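Notes follow once the structure below has been shown.
It should be emphasised that the depicted structure is a prediction, and the values quoted were computed from it without experimental measurement.
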Amino acid sequence: MNRRTVLPTVLLSLLSLPAVAACSASGDDPKASAPRPLTAEEADRMALARFTAYRRGTGEVTATVPSGGRTITLTGRIDWRRHQGYAEIRDDARPPARELVHWTPGGVAALPRWTGGLPDRPPASGWEVHRLLPHGSALDSVLLLLLHLGADRPDNAQLLARSDARRLRDDRIGAVPVLVATGPGAPGAPAGQGRPSSTRYWIDGEGRLLRFQARVASEVQWATADLPATGPAKPLPAPPAELSRATTPAH
């Protein structure tokens with residue numbers, strides 16, 4: 001899979017950082033009401049979203065990533081405390097290309113031509129490693145964003161309420177009511193003065209993030225990650241030795 005399509009903008013993170021690529025802050029749903037500033041209660045819920053993921057520790061994730069006319073599907077687990085992800089990815093070619101990937105903020109180890117699902121004990125050899133760069137591909141961007149969906153403390157609700165984050169609508173994921181809101185276009189930007197947001201959050205009444213969307217690179221379609229709130233997922237296996245060696249700074 002080609003991860004080297006260059007992003008036209010710098011990869012930017014979540015809530016405390018600007019968004020990935022500028023786009024309209026309104027939702028794609030034509031029935032949605034006009035976006036409006038967050039209420040204090042909505043800002044509190046958004047401020048908890050990354051902290052609740054971190055407090056959970058590990059979580060399941062299923063994501064779809066548009067990339068150069070194809071769709072890449074990722075199925076795996078994230079450890080928000082150790083800042084690691086582990087997943088099987090495949091594209092929609094016929095036959096699909098499949099890889100097993102383990103990644104950290106510094107890089108990704110990929111086992112190409114993979115057919116074995118998501119094993120608890122992945123192979124010890126055969127991994128190909130490269131660094132995750134801000135100017136990498138749409139897939140690299142999403143891998144980094146997924147790791148940023150956990151934080152060891154709540155975000156600042158007062159800053160969020162004053163930012164250009166917007167409530168889009170109320171919705172449901174299954175039977176669970178959720179708030180759908182855009183992230184701020186810039187950290188603490190006054191309403192209407194920041195970059196248009198390219199992140200969207202589906203947050204339940206307990207502040208748990210159940211779905212996340214981002215526009216990455218020049219893609220028209222949203223990348224979407226579903227994060228079921230089913231309690232902690234099983235621990236991730238240790239990352240391949242090649243990944244640790246490749247991403248450890250030389251002294």
Going by heavy atoms in the side chains, are [X] and [Y] under 4.5 Å from each other?
X    : Y    : result
L210 : V178 : yes
D91  : T71  : no
P237 : R77  : yes
I89  : L139 : yes
P112 : E128 : yes
V129 : V108 : no
P239 : Q84  : yes
T64  : I72  : no

| message | If we count only N and O atoms by modelled type, under 3.5 Å, do the side chains of E88 and T75 hold a donor and an acceptor together? | response | no

Going only through I, L, V, M, F, W and Y residues with side-chain contacts under 4.5 Å, is there a path from [X] to [Y]?
X    : Y    : answer
L243 : W114 : no
L118 : L143 : no
L100 : V61  : no
L236 : L146 : no
L48  : L179 : no

| Which is it for E42 and R166 under the salt bridge (Lys or Arg N to Asp or Glu O under 4.0 Å) test, yes or no, and what are the steps along the way? | CA-CA 10 Å; E42 291 164 349; R166 289 290 183 269; over 6 Å; no

What distance separates [X] [atom1] from [Y] [atom2], expressed to the nearest 0.5 Å?
X    : Y    : atom1 : atom2 : answer
F51  : D152 : CZ    : CG    : 8.0 Å
S141 : L132 : OG    : CG    : 9.0 Å
R215 : T199 : CZ    : OG1   : 11.5 Å
Q213 : W202 : CD    : CH2   : 3.5 Å
H102 : L111 : NE2   : CG    : 12.5 Å
D204 : L209 : CG    : CG    : 9.0 Å

Indicate yes or no for a side-chain donor-acceptor contact from [X] to the backbone of [Y] under 3.5 Å, with no hydrogens or angles considered.
X    : Y    : answer
R131 : P105 : no
R45  : I203 : yes
D164 : P184 : no
S137 : D140 : yes
Y86  : P119 : yes

| query | Does the distance from a Lys or Arg side-chain N to an Asp or Glu carboxylate O, for E60 and K234, drop under 4.0 Å? | reply | no

| Would you call D171-R169 a salt bridge at under 4.0 Å N-O? | yes

Closest heavy-atom pair and its distance - [X], [Y]:
X    : Y    : result
W80  : G150 : CD1-N, 3.4 Å
P122 : W127 : CB-CZ2, 3.9 Å
A43  : L160 : O-CD1, 4.0 Å
L145 : A214 : CD1-CB, 3.9 Å
G126 : E242 : N-OE2, 4.2 Å
R208 : T52  : CA-OG1, 3.6 Å

| task | May I ask you to establish whether R200 and W222 are in a cation-pi arrangement, using a distance under 6.0 Å from NZ or CZ to the six-membered ring centre and at most 45° from the ring axis? | result | yes

| message | Let's go through T224 and F212 carefully: what are the C-alpha distance in whole Å and the side-chain angles of both, what is the deciding distance for side chain to side chain contact (heavy atoms under 4.5 Å, CB included) to 0.1 Å, and is it a yes or a no? | response | CA-CA 6 Å; T224 301; F212 171 75; over 6 Å; no

| message | Quick test of your reading: applying salt bridge (charged side-chain N to carboxylate O under 4.0 Å, His left out), list the pairs with at least one residue in residues 221-232, sequence neighbours left out, ordered by first then second residue. | response | R211-D226

